[in-house]
Amino acid sequence: MLLEHLKSEIYQDLQAAAIQAREEGKLAFEELPLFTLEKPREKVHGDLAANIALVLARPAKTAPRKIAQIILEYFPTGSNRVARHEIAGPGFINLFLDPSWVYAVLPEVEEMDDRYGCSSIENSEKVQVEFVSANPTGLLHMGNARGAALGDTLANVLAAAGHEVTREFYVNDAGSQIETFGRSLEARYLQLLGQDVPFPEDGYPGEDLIDSMRGLISKAGDKYLQVAPRLRREILVKYALQEKLEQMKRDLADFRVHYDIWFSEQTLHDSGAIEAVLKELQQKGYLYEKDGAIWFRSTLFGDDKDEVLVRSSGVPTYFAADIAYHKNKFQREFNRVINIWGADHHGHIPRMKGAVDALGYDSDRLQVIIMQLVRLFRGGEPVRMSKRSGEYVTLRELIDEVGTDAARYFFVNRSADSHLDFDLDLAREQTSDNPVYYVQYAHARICSILRQAGDLTPAQEIDCSVLQDPAEVSLLEGIAELPGEIKYAAASLEPHRLTHYVYNLANLFHGFYTTCHVLNAEPGLREARLALINACRITLRNTLKIIGVSAPERM
RNA sequence: GUCCCAGUAGCUCAGUUGGAUAGAGCAACGGACUUCUAAUCCGUAGGCCGGGGGUUCGAAUCCCUCCUGGGACGCCA
């Protein structure tokens with residue numbers, strides 16, 4: 001927070017300096033371009049480096065180093081904790097902060113505690129994150145697991161960055177797959193009761209359907225044998241669907257994913273919302289009839305072909321329901337709607353955005369994160385999976401085998417658009433190879449020291465400037481970076497930044513731990529180090545919480 | 001064939017709204033435990049950033065092209 005404040009003030013000072021220089025005729029440019037003010041990779045380049053002179057070079061038609069010099073003439077020295085500055089390399093402005101700034105982070109972390117890292121931003125938005133939304137006709141697989149970890153973490157990140165977040169699961173409890181589901185269940189039901197009936201060719205072959213029907217038979221016996229097939233399928237679907245949903249909720253809860261809303265597709269059919277949205281598109285002239293079906297002119301919005309909304313049979317497609325669903329989202333006044341989809345849905349984006357535009361909403365308010373597929377490895381070999389054959393590793397099995405902590409960390413640790421090779425053996429290993437333990441261990445180590453330390457002195461009452469060792473200063477700086485990291489991760493929709501951040505912070509702590517002893521340090525220094533590790537504990541814990549990984553006090 | 005994603009150290013991956021000497025983990029090699037948890041730390045080595053062209057003060061990052069891997073192209077969802 002402090003660091004963020006400093007940065008934004010310095011940024012503004014640089015802007016002001018450039019504009020002042022222009023007013024006095026020293027620089028000529030039309031509009032000040034955006035520039036970066038970042039912590040440079042190399043320590044010798046200062047605490048913050050600005051490339052303002054470089055980006056101004058072209059518009060101002062002046063050599064970057066010359067521009068930097070001019071800007072610095074108008075840059076207030078001594079304020080905002082800038083101790084000194086220099087022009088370096090091709091024209092960077094390197095700023096060296098008064099070293100005292102880092103110490104202010106300790107009381108702040110202590111005071112904010114659970115809230116440290118969180119911001120309350122001025123332009124807070126109402127954001128919806130829809131993720132997983134798996135078909136309830138089967139079990140949750142690895143792709144769903146990745147979506148769950150990513151979606152939930154992203155929602156946490158957005159919330160921490162000050163947005164109002166709703167997590168939503170769209171339940172596909174209508175349409176043709178439910179039809180197929182019903183026929184599959186019926187076949188299993190009859191087969192279990194000794195009838196020699198064929199299993200539908202396009203049916204869902206998973207064992208879980210058999211289990212489900214076995215459960216039904218043990219409760220209700222064979223009484224549905226006498227019921228008319230159509231009604232029978234309805235009953236079986238209703239039973240199995242509820243069971244499946246409960247199971248999904250249970251498994252996701254064990255994965256520490258909790259939704260605000262489970263939105264039923266069926267309600268869109270029942271309420272007439274789909275009909276209404278079709279009518280609206282019709283009136284706006286975006287629909288036409290061909291081959292007995294009703295089509296949406298998605299090509300008007302940049303799609304490569306038009307899309308069927310109502311089949312020639314009169315039954316609306318999934319896409320029609322999805323349009324109604326998205327209209328519903330915008331009617332609920334979300335400023336932004338974020339969907340996390342698997343890579344196999346990427347072709348769906350242009351038409352979905354097209355439909356949103358057609359309905360009169362700005363399609364930029366719909367953001368789709370495409371995540372690439374997951375490949376599982378066990379014993380160095382890829383695990384063969386096929387949803388069609390019903391052979392795949394489920395979320396439940398993943399939780400049982402590697403645990404929620406490791407699984408979530410691994411999923412979040414990779415950017416969404418990278419193909420993920422998930423090494424089950426590595427995730428299960430409780431060794432230093434496994435980054436999640438590395439981070440948790442740092443937290444446990446701190447807790448161990450704090451247990452032995454007795455009461456803490458409030459950071460406010462301590463002279464923290466005794467923390468002069470490079471390991472101490474680096475750790476302080478690392479702690480100070482969390483609010484900025486969260487903002488960045490939220491703005492770029494990249495939760496994987498958080499695992500990288502927390503790993504780095506753990507690394508800084510372990511380095512500190514080796515160099516600096518806490519409990520037997522001299523009076524004064526001891527209290528300051530205790531305050532430091534306590535702040536580090538809070539920072540580690542809060543970040544792990546966002547990722548959805550536990551912060552154990554003992555290991 | 002068209003579109004999307006990826007190609008960076010032996011392996012898994014960061015880094016891409018263009019910035020300074022391209023990073024981390026693992027694996028390899030060499031060190032560090034009388035003291036708060038060695039599930040740790042320090043060091044060494046490891047690279048035509050897939051190839052080729054271009055844009056400019058500057059390209060892993062942007063553009064073009066080619067190669068390789070994965071995915072999508074249905075009145076499925």
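Any value given below was found using the heavy atoms of this structure, including those in side chains, with hydrogens, waters and symmetry copies removed. Below, chains carry the letters A, B, ... as their sequence lines are ordered, and counting in each starts from 1.
At the heavy-atom level, A:A442 lies nowhere under 4.0 Å from the strands shown. Among the heavy atoms of the strands, none lies under 4.0 Å from A:A453. Within the 4.0 angstrom heavy-atom criterion, only backbone atoms of the sugar-phosphate kind lie near A:S415; the bases stay farther away. Using a 4.0 Å heavy-atom cutoff across all strands shown, A:A293 reaches at least one base atom of the nucleic acid. At a threshold of 4.0 angstrom between heavy atoms, the contacts of A:C447 with the nucleic acid are absent. Counting non-hydrogen atoms under 4.0 angstrom, A:H500 reaches the backbone sugars and phosphates but no base. Heavy atoms of A:A57 sit nowhere under 4.0 angstrom from any nucleic acid atom. In this structure, A:R351 reaches the bases: a heavy-atom distance under 4.0 Å links it to at least one base atom across the strands shown.
Contact annotation: A:R445 side-chain N/O to B:rA38 OP1/OP2 distance is under 4.0 Å. For B:rC41, the OP1/OP2 oxygens have a side-chain nitrogen or oxygen of A:N507 closer than 4.0 Å. Of the side-chain N and O atoms in A:Y437, none sit less than 4.0 angstrom from OP1 or OP2 of B:rA39. For the OP1/OP2 pair of B:rC76 and a distance below 4.0 Å, the side-chain nitrogens and oxygens of A:R311 include at least one atom meeting the criterion. Between A:T317 and B:rC76 there is no side-chain N or O to OP1 or OP2 distance below 4.0 Å. In terms of phosphate contacts, A:S448 brings no side-chain nitrogen or oxygen within less than 4.0 Å of OP1 or OP2 of B:rC36. At the phosphate of B:rA14, neither OP1 nor OP2 sits under 4.0 Å from any side-chain N or O atom of A:Y501.
With sequence neighbours excluded, no residue satisfies salt bridge (charged side-chain N to carboxylate O under 4.0 Å, His left out) with A:D270.
With salt bridges taken as basic N to acidic carboxylate O contacts below 4.0 Å, one links A:E130 and A:K329.
For A:D344, the listed nucleotide lying nearest its side chain is B:rA72; candidates were B:rU37, B:rA72, B:rC75. The side chain of A:D291 sits closest to B:rC75 out of B:rG18, B:rC75, B:rA77. Side-chain proximity of A:K305 to B:rG25, B:rC73, B:rC75: nearest is B:rC73. The side chain of A:N94 has B:rA20 as its nearest neighbour among B:rA20, B:rA77, B:rU40. Checking B:rA24, B:rA20, B:rG71 against every side-chain atom of A:L373, the shortest atom distance belongs to B:rG71.
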- Could you encode protein contacts along nucleotides 2-9 of chain B as a string, one character per nucleotide from 5' to 3', using B for base contact, S for sugar-phosphate-only contact and - for no contact, with a heavy-atom cut-off of under 4.0 Å? -BSBS---
- Note on the structure: With B for base contact, S for sugar-phosphate-only contact and - for none (protein heavy atoms under 4.0 Å), nucleotides 29-34 of chain B reads ------
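Looking at RNA chain B, the stems built from 3 or more consecutive Watson-Crick or G-U wobble pairs, each pair with its key distances under 3.5 Å, are B:1-7 with B:67-73, B:10-13 with B:23-26, B:28-32 with B:40-44, B:50-54 with B:62-66.
Side chain of A:R526 to main chain of A:L519: a donor-acceptor pair is present (N/O by atom type, distance under 3.5 Å, no hydrogens or angles). Remark: side-chain polar atoms of A:N339 are not paired, donor with acceptor, to backbone N or O of A:L366 under 3.5 angstrom. With hydrogens and angles ignored, the 3.5 Å screen pairs no side-chain donor or acceptor of A:S448 with any backbone N or O of A:A444. Of the possible donor and acceptor atoms, one in the side chain of A:S298 sits under 3.5 Å from a partner among the backbone N and O of A:K305.
If you measure from atom CZ of A:R537 to atom C1' of B:rU37, you get 17 Å, rounded to the nearest angstrom. At whole-Å resolution of the value, CD1 in A:I449 and C1' in B:rC36 are 5 Å apart. The interatomic distance linking A:N339 (CG) with B:rA77 (C1') rounds to 14 Å, in whole Å. In this structure, A:F35 atom CZ and B:rG18 atom P are separated by 15 Å, rounded to whole Å. The separation between A:F377 atom CZ and B:rC13 atom P is 8 Å, rounded to whole Å. Look at CG on A:N51: it is 11 Å from C1' on B:rU17, rounded to the nearest Å. As a whole-Å value, the separation of A:F512 CZ from B:rC36 P is 14 Å. Computed from coordinates, the A:L34 CG to B:rG18 P distance equals 11 Å when rounded to whole Å.
Counted by atom type alone, A:N507 and A:H510 present zero donor-acceptor pairs between their side chains at under 3.5 Å.
Donor-acceptor pairing under 3.5 Å, judged by distance alone, is absent between the side chain of A:N413 and the base of B:rA24. Evaluation of atom-type donor-acceptor distances gives no pair under 3.5 Å for the side chain of A:D421 against the base of B:rU12. Under 3.5 Å, the side chain of A:H345 and the base of B:rA77 form at least one donor-acceptor pair of N or O atoms. The base of B:rC76 lies outside donor-acceptor range of the side chain of A:S176, with no N or O pair under 3.5 Å.
Rounding to the nearest 0.5 Å gives a distance of 10.0 Å between NE2 of A:H443 and OG1 of A:T539. One distance of note links CZ of A:F512 with CD1 of A:I446; it measures 8.5 Å at 0.5 Å rounding.
Lacking a ring centre under 5.5 Å from that of the base six-membered ring together with a plane angle below 30°, A:H496 does not count as stacked on B:rA14.
The shortest heavy-atom contact between A:R537 and A:C447 is CD-SG, 4.0 Å.
Projected onto RNA chain B by closest heavy-atom contact, A:A343 and A:A506 fall at different nucleotides, the more 5' of which corresponds to A:A506. Nearer to the 5' terminus of RNA chain B, by closest-nucleotide assignment, is the contact made by A:Y513 (compared with the other of A:S313 and A:Y513).
Taking atom P in both B:rC13 and B:rU56, one finds a spacing of 36 Å when rounded to whole Å. If you take atom P in B:rG69 and the same atom in B:rA24, they sit 32 Å apart, rounded to whole Å.
Within 6.0 Å of the CZ atom in A:R554, the count of heavy atoms belonging to other residues, nucleotides or ligands does not exceed 12.
Taking the ring centroids of A:H348 and A:F319, they lie under the 6.0 Å cut-off.
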Let me have the donor-acceptor pairs involving side chains of residues 31-39 of chain A, under 3.5 Å, with sequence neighbours excluded, atom names and distances please.
from: A:T36; atom 1: OG1; to: A:N51; atom 2: OD1; distance (Å): 3.2
from: A:T36; atom 1: OG1; to: A:N51; atom 2: ND2; distance (Å): 3.3
from: A:K39; atom 1: NZ; to: A:E481; atom 2: OE2; distance (Å): 3.0

For residues 405-412 of chain A, tabulate all N or O donor-acceptor pairs below 3.5 Å that involve a side-chain atom, not counting sequence neighbours.
from: A:D405; atom 1: OD1; to: A:R256; atom 2: NH1; distance (Å): 2.8
from: A:D405; atom 1: OD1; to: A:R256; atom 2: NH2; distance (Å): 3.2
from: A:D405; atom 1: OD1; to: A:S550; atom 2: N; distance (Å): 2.9
from: A:D405; atom 1: OD1; to: A:S550; atom 2: OG; distance (Å): 3.4
from: A:D405; atom 1: OD2; to: A:Q440; atom 2: NE2; distance (Å): 3.1
from: A:D405; atom 1: OD2; to: A:S550; atom 2: OG; distance (Å): 2.6
from: A:R408; atom 1: NE; to: A:I547; atom 2: O; distance (Å): 2.9
from: A:R408; atom 1: NH1; to: A:D152; atom 2: OD2; distance (Å): 3.0
from: A:R408; atom 1: NH1; to: A:F255; atom 2: O; distance (Å): 2.9
from: A:R408; atom 1: NH1; to: A:R256; atom 2: O; distance (Å): 3.1
from: A:R408; atom 1: NH2; to: A:D152; atom 2: OD2; distance (Å): 2.8
from: A:R408; atom 1: NH2; to: A:T153; atom 2: OG1; distance (Å): 3.3
from: A:R408; atom 1: NH2; to: A:I547; atom 2: O; distance (Å): 3.0
from: A:Y409; atom 1: OH; to: A:T499; atom 2: O; distance (Å): 3.4

